[in-house]
Amino acid sequence: MSQITPEIIAGHGLTTDEYARVLEIMGREPNLTELGIFSVMWSEHCSYKSSRVHLKTLPTSGPRVICGPGENAGVVDLGDGLAAIFKMESHNHPSFIEPYQGAATGVGGILRDVFTMGARPIAILDPLRFGAPDHPKTRHLVGGVVAGIGGYGNCMGIPTVGGECSFHPAYDGNILVNAMTVGLARTDKIFYSAAAGVGNPVVYVGSKTGRDGIHGATMASAEFDETSEEKRPTVQVGDPFTEKLLLEACLELMASDAIVAIQDMGAAGLTSSSVEMASKGGVGIELMLDHVPQRETGMTAYEMMLSESQERMLMILKPGREAAARAIFEKWGLAFAVIGLVTDTGRLVLHHRGAVVADIPVGPLTDQSPIYHRPWEPTPPQPPIDPATIAEPADLGAALSALLGSPDLCSKRWIIEQYDHLVGGDTVVRPGGDAALLRLPGSPKGLAVATDCTPRYVQADPVAGGAQAVAECWRNLTAVGGLPLAITDCMNFGNPERPRIMGQFVGAIEGMAQACRALDFPVVSGNVSLYNETKGQGILPTPAIGGIALLDDHTRFATIAFKAPGEAILVVGRTAGWLGQSLYLRSATGREDGAPPPVDLAAERRTGDFVRDLIVRGQVRTCHDVADGGLLVALAEMALAGGRGADLTTPPGTRHRAAFWFGEDQARYLVAVPADAAGAILAAAAAAGVVAAALGVTGGDALTMDGRALADLAALRQVHEGWLPAYMAQA
Amino acid sequence: MKAAIVVFPGSNRERDAGRAITQASGTAPAYLWHQDTSLPAGLDLIVLPGGFSYGDYLRCGAMAAQSPIMREVKAAAGRGVAVLGICNGFQILAEAGLVPGVLMRNASLRFICRNVHLKVVATNSMFTAGYAPDQVIAVPVAHAEGNYFADDHTLDRLEGEGRVAFRYCDAAGVVTPATSVNGSARNIAGVFNDRRNVLGMMPHPENMTEAMLGGSDGSALFASLAKALP
Amino acid sequence: MKARIHVTLKHGVLDPQGKAIAGALASLGFAGIEDVRQGKFLELNLAETDRAKAEAAVRAMCEKLLANTVIENYTIELG
Amino acid sequence: MKARIHVTLKHGVLDPQGKAIAGALASLGFAGIEDVRQGKFLELNLAETDRAKAEAAVRAMCEKLLANTVIENYTIELG
Ligand SMILES: Nc1ncnc2c1ncn2[C@@H]1O[C@H](COP(=O)(O)OP(=O)(O)O)[C@@H](O)[C@H]1O
Ligand SMILES: [Mg+2]
């Protein structure tokens, strides 16, 4: 009788064709452990089977790229022997089931991806998307996710300095919890995952293995249904204290030259780490599972290989270094065990209780994993919206107030303050502006970090939306004075087996690739999260972009706050008054339609380079990019941050005031400069082929426009700061 | 000033404190390990840094307070050596009985990271001599359990003996229950032991020592120590 | 009426606190500690005097707020 | 041997968590909650088989680490 029934195969998420390929590779029927290994390695989460052919089209190289996608994280050269190592990852499904632990372990996982390469993490960012505020689950999810991210990051002592938080009913059943970590390493001390050296010991360190999250990796790839909340025991509990010890112990060992290769145990723990290390190194690995440190008794080989217990690492050590390494890990109170060795067989061989319990050729397991060219359909374009068809608001100030107090545009202080964003003592620009800025210890340089995406644009036009996400991230980094270097991404989409969804994915990648090329902003790492869909309702396509930028001098930066009265306010970049897909359109009319704003990448680059140059030369210290909500929302944010108002003037000949002040045209910045410097800057802009114009003057404690009072800062502050705390205070 | 910082498993602001000390005194501190059973000779200052020793599990600071090195820290405090506990360090001091009271969960139950205003209540100590009496300073807090609690008798005694170092206040220096950021009794942000050579405080002066980082109101604390302990 | 509620982690769920406490006890010299699990203990004073109604209410409180039923179990004693 | 330990706040000691829970329960619509106190519940597995010795050991653990006797009481059950 066969052990492997069609039900078991289906239960492991393998199709009939995929199972046929397993049989072919094995030359026999697999046992349950072997089937489990194929199942997790060939899950969407580990194999990228639906996305791989498209991801390949992204630009991933550049003069500063030391290591692009394929390793645990991307590596970028910062000069002076320093490298930034960074990546973003999703923990969407687990966070929906158990928001605190799901989000916490998401942070733990992305931290390990970065420190496994030898970097000390210096920043965490967390792009979050929740369902409608009035959905019965949303408040509980927001509270749990934010507490979980803080609970893990704060305990680790790594500042959380940025992220996003927006709300839309499309996320009611599938929230997005993405987390990005940026770390710092020396370029000559970067660690990779390719196993090497036949006979070298395979070493397990960190927490003991329990029956945590078995089948988590396959869960992360399966569409949600109403029974998924029953799959509860698969939730893992994070232990940030152990991870902190693991971080310090790993960095201490990395200071020596004992490590040949190292890989964190993430999704599909021991399976994916050992298979990937063997596959990258073109070698075999033999494991004695009896030696795996275990938290529970009676664990089977299947359970050990599929466990997703957190806070664990797998390493290949140089021969003879075991004792020194063990001393370090034991000093930090962590489990340390030699559990196997590197072989020349090219096979993953597992021993347990005196028997060989799995024997799989590693090459075919990884190289012959399924790849799908899934059918896709383009998203039909939406017509642009003519502002003339949208009524002017009776009261521009009231429209501004409504936007500033809306869930998407309100202050995220309630979140930011639950994260330790100061630990480390290097946070120069705190969260709340365009990008956070960290100084690099012992160096005059600084690193700016930001995450961005506007899912409603991607939904309306995946190509433009994909390009916009990259461009907005580049713009936010530029707005503090950074030279953008590279990005990581987290591609959150619905079910790729639906051609329309697959078309969103393909389009977004195409747009991203265009923008990355035009802006010299390569992709060095990333993550794909598909099947974010419940009962046929997919999320908005959400390619979250996380970018880093370099400042040669971390004292030459800009922040969004107005700093002095009487300064001239200039807008740099062209304003046409684009209302399609704008938040103003939604807020004023309830409509979420129209073509999103076009993305002119050449203008983006020209404008951004011009603005950055002003900041780097010390001519501009106040700058804010213009995004959601348009000019007036950005101006109000600058006024609130600086505690001083502005007197604004609508340019003569403006045909539609709301479109001018709330339109979401791209590639724009607002700057404030001493009044006597404005003329020269406008002239320089004209000379550089950049559109720029004066909009007003800073001062007072209100916003006034065209000689009339628009809004009082105190009142605006109340609506802007009030929404999120008031919302979260309801039970 | 010969200073040392104790590193517990889970400490995370030890480098921040080290930087502030080096800036103020020109000499980098030594780092000690929680399992050390002796202190370097001739120490002037011992710092218990911020962080999450033992993950803040069980009670914040409880397990660290039982570390081997804490016996030495207690003995040194008894000899008059200056001991500064910041944030988790304050929690450890309280659990070790070196300062009175306990730090409970913030009244909001949430972690809070933000700048707060403090009123310097007592300037007659080697930690606070560099401040003016009643000076209002801005420094950040970053904690989930900083809600200072002691019984009324203890609070009265602390106040009577001038052992309250800092109180949470507003920008104008006004102390009200609403400015007690974490719900602390009588807005207490820092207290001395009876000999005033041990200070426990929740806020982070070590993260406010440079204009570049948003302000330098924390510098005077380290400068005071460097001056008192040349 | 008084309700006493115990909230404990489900079997097999990692208990980081229990683990750390066990380690700390061992290094304080307490030998032979095989396992430590930490849970919560809640005492409620209820105005309700009807036992069945109180029990139903407390059960609802546990499900809604007091226990995280994804990873925790709870037991209720009234008296 | 198994030890069950309850650690509770002494009378008169502020309990921010209990207070917040009471507030949250009230706003969830649970009426008539007069008071909530939150404590800890610890379960230890001990190698010790002698009851008296186990009791003495657990008492010492509580005094030294598990409870902060300035603000907390503890009770021990063995079994
Ligand atoms: N979940 C979050 N975690 C941390 N910081 C956040 C979060 N959400 C928003 N922020 C911060 O709030 C500020 C405003 O966010 P956002 O409106 O998305 O900025 P922008 O429009 O410039 O991209 C940014 O500094 C951002 O980093
Ligand atoms: Mg911005």
Side-chain angles (χ1 to χ4, degrees), chain A residues 120-121 143 146-161 238-249 311 331-334 413-432 437-439 441-442 446 554-557 559 725 728-729, chain B residues 7-20 22-23 31 33-35 49-58 60 63-64 86-88 106 108-116 139-145 171 181-182 203-215 218:
Chain A
R120 179 174 283 281
V146 170
I149 290 169
Y152 210 101
N154 297 345
C155 183
M156 288 294 292
I158 296 152
T160 299
V161 297
D239 182 358
F241 171 56
T242 296
E243 178 122 320
K244 168 73 172 159
L245 305 181
L246 187 60
L247 163 69
E248 299 300 339
E311 293 96 22
K331 170 184 144 193
W332 288 99
L334 296 165
R413 184 189 303 278
W414 186 88
I415 297 174
I416 290 168
E417 289 187 346
Q418 290 186 62
Y419 301 152
D420 190 341
H421 47 267
L422 301 175
V423 58
D426 289 315
T427 309
V428 176
V429 177
R430 299 181 183 192
L437 171 60
L438 300 148
R439 59 180 181 184
H554 62 233
T555 67
R556 294 286 179 91
F557 61 87
T559 64
M728 290 309 298
Chain B
V7 180
F8 299 93
S11 294
N12 65 30
R13 268 185 167 83
E14 68 275 21
R15 280 179 292 265
D16 307 36
R19 207 183 311 189
T22 309
Q23 256 170 32
Y31 287 90
W33 185 234
H34 67 118
Q35 281 173 340
F52 285 68
S53 60
Y54 293 92
D56 274 2
Y57 299 154
L58 188 64
C60 302
M63 293 188 235
I86 305 172
C87 197
N88 190 227
N106 294 345
S108 69
L109 300 194
R110 290 191 298 273
F111 189 96
I112 305 172
C113 177
R114 77 158 82 118
N115 279 1
V116 297
V139 288
V141 292
H143 61 249
E145 319 213 7
V181 62
N182 46 27
H204 289 286
E206 77 278 27
N207 282 143
M208 239 356 169
T209 59
E210 291 172 74
M212 144 127 285
L213 300 179

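Order of the sequence lines fixes the chain letters, A, B, ..., with proteins taken first and strands second; residue numbering starts at 1 for each chain.
Most heavy-atom pairs under 4.5 Å with chain B: of the set A/G151, A/C155, A/G157, this distinction falls to A/C155. Among A/E417, A/H421, A/K244, the residue with the largest count of heavy-atom pairs under 4.5 Å with chain B is A/E417. With chain B as the partner, the residue from A/L247, A/L245, A/V428 showing the most heavy-atom pairs under 4.5 Å is A/V428.
Taking the ring centre of B/W33 as origin, the terminal cationic atom of A/K331 falls inside the region bounded by 6.0 Å and 45° from the ring axis.
Side-chain contact, B/N88 with B/R13: no donor N or O sits under 3.5 Å from an acceptor N or O. With 3.5 Å as the limit, one finds no donor-acceptor pair spanning the side chains of B/R19 and B/N207.
Using a 4.0 Å cut-off between a side-chain N of Lys or Arg and a carboxylate O of Asp or Glu, A/E248 and A/R120 qualify as a salt bridge.
If you measure heavy-atom distances from B/E206 to chain A, you find no contacts under 4.5 Å at all. Interface remark: A/R413 contributes no atoms to any contact with chain B (heavy atom separation under 4.5 Å). Neither the backbone nor the side chain of A/Y152 comes within contact range of chain B; no heavy atoms are under 4.5 Å apart. Of the atoms belonging to B/Y54, heavy atoms from both backbone and side chain fall under 4.5 Å from chain A. For B/T209, no part lies under 4.5 angstrom from a heavy atom of chain A. Both the backbone and the side chain of A/L422 come within less than 4.5 Å of a heavy atom in chain B.
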Inset, instruction - Begin from the C-alpha positions of B/H143 and B/N182 and carry the test side-chain hydrogen bond (donor to acceptor under 3.5 Å, both in side chains) through to its verdict. - result: CA-CA 9 Å; B/H143 61 249; B/N182 46 27; 3.0 Å; yes
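For the atom pair B/I112 CD1 and B/N106 CG, the distance stands at 4.5 Å (nearest 0.5 Å). Rounding to the nearest 0.5 Å gives a distance of 5.0 Å between CZ of B/F52 and CG of A/N154.
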